[in-house]
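All heavy atoms count here, side chains included; hydrogens, waters and symmetry mates do not. Letters A, B, ... are given to chains in the order of the sequence lines, protein chains preceding strands, and every chain is numbered from 1.
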2 protein chains.
Amino acid sequence: MEEILLIDDDVELCSMLADYLGRYGFHVSAVHRGDTGLKEAVKKQYALILLDVMLPGLDGFEVLKRIRGASSVNILLLTARGEDVDRIVGLEIGADDYLPKPFNPRELLARMRAILRRSSGAEATLEPTLLRADGLELNTAARTVSQNGKRIELTDVEFALLESLLHSPGKVVTREELAEKVLGREFHPFDRSLDMHISRLRRKLSGSGTEDDLVKTVRGTGYQLAVHSGASTPKD
Amino acid sequence: MEEILLIDDDVELCSMLADYLGRYGFHVSAVHRGDTGLKEAVKKQYALILLDVMLPGLDGFEVLKRIRGASSVNILLLTARGEDVDRIVGLEIGADDYLPKPFNPRELLARMRAILRRSSGAEATLEPTLLRADGLELNTAARTVSQNGKRIELTDVEFALLESLLHSPGKVVTREELAEKVLGREFHPFDRSLDMHISRLRRKLSGSGTEDDLVKTVRGTGYQLAVHSGASTPKD
DNA sequence: TCCTACTGTGACCATTTGTTACATTTTGCT
DNA sequence: AGCAAAATGTAACAAATGGTCACAGTAGGA
């Protein structure tokens, strides 16, 4: 059931829409003031917000702007009586679409679906690419790494290295594999640069006092990310 | 070569625009009266009609209405006075877009292209195409960008650059790709202009203090737009 | 015409990455 | 155990890569 927030001071319209949209699989929460609407909009994660322009408490445009400052939730603007100026400004401020009042509920439904279709498609690119193990967290989308909540700055090679290790925590990753994935070239027995990068990575990760070292060497084979706490991401 | 019909009584403006647009691959036919404009509009199939509102012979709105009666050709309205009334009425009658005079030829070009793009594609609505991530919002229809609700002014190259990155937030885009899409040429290893544009773009985006920089460098490969607040990753 | 904004280029600098050399550890052998 | 060879760790330096300043060229607008 998709959660919809309806911000409109017309109580009767609200209940009518809640009823209508309810029949099509939407759950509508309605508030009738701009300020409370804004609060609600940022508090909860709605699939879509229907926002009227003429509002008591806080103007609809203002609400729109402030929501946009905090979130990229879908917003469909409802403009009071044919005021097309509103449409224009609304679109430029960042509404996903607009609908002039009075509107046909059917058309509203169609537009809502269009917006949701678009955004669900786009969402596929926003995969939550988090790799975790043992207090380590690597976010490939944000390209950040933190250890026990503390941010760690890594260079690109170090990042790729940790990413490869974190892909299968506890498993040994061969030098050959690492060379290919991290350095993008074949491994040569006398190439020491991998060792260097491991060394640098270790220095940046805390708990590098010989024992408890997160990155363990497997002599003759490769490296492995030590896993102490059982909580990890089963990826294979 | 796209055929454009320009209906405007300002002869000088007409020749200036014909010249300007000609340089961008449009062929502009100009007429200076409403009635002759109407005739021309229905006689031939134009890709787009630029229609001034204040016209001798026949009022611009009237022309618009009558053209619409016979054809669904693209129409961009040029409003003489900045009076919003014009805009409103124009859109309600059925113009695809409007542009208040005096306008920047560049903006006209951008809007013309937007209309043509829309009409050649499937949709013919006024829906904006919004690309978002992490407080950033890029509106390809209005050609605007804002960050956390605040408008940001970008040059064409910067806009194209951000657009390319925003197409796949959190993913690395190679230099080769960017060079082709943004600069329209092949990437040459010693070409530093991409770097410059990235640099300039970063400066305009807030949060450019090394860390949490929205535009991340992936050494040896390209760039990536960092996504921190994945809309799909609720922390609780 | 001048003025302005945008784009591209060369130069210079900081950071990252690779290499060499040497220290240290491990392993195998006697 | 003692020793040598092999593997790994790391410091120091060199090379590559990217960031940005400053300037030049260009195009558009006044």
Side-chain angles (χ1 to χ4, degrees), chain A residues 143 152-162 172-176 178-179 181-205 208-211 213-224, chain B residues 12-13 15-24 101-110 143 153-162 172-176 178-179 182-205 208-211 213-224:
Chain A
R143 210 148 237 285
I152 298 181
E153 296 298 331
L154 298 183
T155 70
D156 289 295
V157 176
E158 287 152 14
F159 186 89
L161 195 49
L162 186 57
V172 182
V173 187
T174 66
R175 285 165 164 274
E176 286 74 15
L178 289 175
K181 286 196 189 167
V182 175
L183 306 177
R185 53 174 130 108
E186 230 171 89
F187 177 69
H188 288 287
F190 291 123
D191 190 339
R192 312 302 318 290
S193 77
L194 253 188
D195 303 65
M196 262 324 297
H197 289 297
I198 288 282
S199 171
R200 286 166 177 152
L201 177 58
R202 277 174 173 151
R203 205 183 311 168
K204 291 189 183 176
L205 298 176
S208 294
T210 24
E211 198 109 356
D213 199 340
L214 273 170
V215 181
K216 302 250 175 172
T217 304
V218 181
R219 200 184 175 82
T221 312
Y223 297 89
Q224 141 190 53
Chain B
E12 197 168 327
L13 178 78
S15 96
M16 190 278 281
L17 276 184
D19 187 46
Y20 178 79
L21 293 175
R23 268 176 275 143
Y24 291 95
K101 286 186 182 179
F103 53 79
N104 181 331
R106 257 197 175 161
E107 183 168 7
L108 174 65
L109 185 62
R143 230 184 164 64
E153 297 296 333
L154 297 183
T155 69
D156 291 342
V157 176
E158 286 153 12
F159 187 89
L161 195 48
L162 186 57
V172 182
V173 187
T174 65
R175 284 164 164 275
E176 286 74 16
L178 289 175
V182 175
L183 305 176
R185 54 172 128 109
E186 229 170 89
F187 177 69
H188 198 285
F190 290 122
D191 191 338
R192 310 302 316 291
S193 77
L194 252 188
D195 304 62
M196 259 331 289
H197 289 296
I198 287 281
S199 172
R200 286 164 178 152
L201 177 58
R202 277 176 173 149
R203 207 181 311 167
K204 290 187 183 179
L205 298 176
S208 294
T210 19
E211 188 165 332
D213 199 340
L214 272 170
V215 181
K216 300 253 175 167
T217 304
V218 181
R219 186 176 251 255
T221 311
Y223 296 90
Q224 145 181 13

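- The shortest distance between the side-chain N/O atoms of B/Thr217 and the OP1/OP2 oxygens of D/dG19 is below 4.0 Å.
- The NZ atom of B/Lys216 sits 17 Å away from the P atom of D/dG18 (whole-angstrom rounding).
- A salt bridge is absent between B/Arg175 and B/Asp191; no separation between the charged side-chain nitrogens and carboxylate oxygens falls under 4.0 Å.
- Under 4.0 Å is where a charged nitrogen must lie from a carboxylate oxygen, and between A/Asp156 and A/Arg143 at least one such pair does.
- Residue-to-nucleotide contacts include no donor-acceptor pair under 3.5 Å from the side chain of A/Arg219 to the base of D/dT8.
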Decide yes or no on salt bridge (Lys or Arg N to Asp or Glu O under 4.0 Å) for A/Glu158 and A/Lys204, but give the supporting numbers first. CA-CA 10 Å; A/Glu158 287 152 14; A/Lys204 291 189 183 176; 2.9 Å; yes

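- A/Thr221 is linked by a side chain to side chain contact (heavy atoms under 4.5 Å, CB included) to A/Val172, A/Thr174, A/Val218, counting only residues two or more places apart in sequence or in another chain.
- On the nucleic acid side, DNA chain C has its first and last nucleotide under 4.0 Å of a heavy atom of chain A at C/dT16 to C/dT27, going 5' to 3'.
- As rounded to whole Å, 18 Å separates atom P of D/dT17 from atom CD of A/Glu158.
- Taking every heavy atom of both residues into account, B/Val215 and B/Leu201 meet most closely at CG2-CD2, 4.5 Å.
- Using a 4.0 Å cut-off on heavy atoms, the residues of residues 182-196 of chain A that approach DNA chain D are A/Arg192, A/Asp195, A/Met196, listed by number.
- One can place CG of B/Leu178 at 14 Å from C1' of D/dG18, the figure rounded to the nearest angstrom.
- In this view, B/Tyr24 and B/Tyr20 satisfy the ring pair (Phe, Tyr, Trp, His ring centres under 6.0 Å) rule, not counting sequence neighbours.
- If you take CG of B/Asp156 and C1' of D/dT26, they are 14 Å apart, rounded to a whole angstrom.
- A residue-by-residue look at B/Arg200 and B/Gly222 shows that B/Gly222 has its nearest nucleotide of DNA chain D further toward the 5' end.
- The nucleotide whose nearest atom lies closest to any side-chain atom of A/Arg203 is, among D/dG19, D/dA22, D/dA11, D/dA11.
- In this structure, A/Arg175 reaches the D/dT8 phosphate: one of its side-chain N or O atoms is under 4.0 Å from OP1 or OP2.
- Direction of the helix axis in the helix from C/dT1-D/dA30 to C/dT30-D/dA1 shifts by 20° between the two five-pair termini, rounded to 10°.
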Would A/Arg203 and A/Ile198 satisfy side chain to side chain contact (heavy atoms under 4.5 Å, CB included), going step by step from the backbone distance to the final call? CA-CA 9 Å; A/Arg203 205 183 311 168; A/Ile198 288 282; over 6 Å; no

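- Looking at heavy atoms from C-beta onward, B/His197 lies out of side-chain contact with B/Leu178 at the 4.5 angstrom threshold.
- For the pair A/Tyr223 and D/dG9, the criterion of a side-chain N or O lying under 4.0 Å from OP1 or OP2 is met.
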Determine whether A/Ser193 and A/Arg185 satisfy the following criterion, side chain to side chain contact (heavy atoms under 4.5 Å, CB included), listing intermediate values before the conclusion. CA-CA 12 Å; A/Ser193 77; A/Arg185 53 174 130 108; 3.8 Å; yes

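- By the side chain to side chain contact (heavy atoms under 4.5 Å, CB included) test, A/Ala179 pairs with A/Phe187, A/Leu194, sequence neighbours left out.
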Could you walk me through whether A/Ser199 and A/Arg192 pass the side-chain hydrogen bond (donor to acceptor under 3.5 Å, both in side chains) check? CA-CA 11 Å; A/Ser199 171; A/Arg192 312 302 318 290; over 6 Å; no

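- Toward the 5′ end of DNA chain D lies the nearest nucleotide of A/Ile198, the other residue of the pair A/Ile198 and B/Met16 mapping further downstream.
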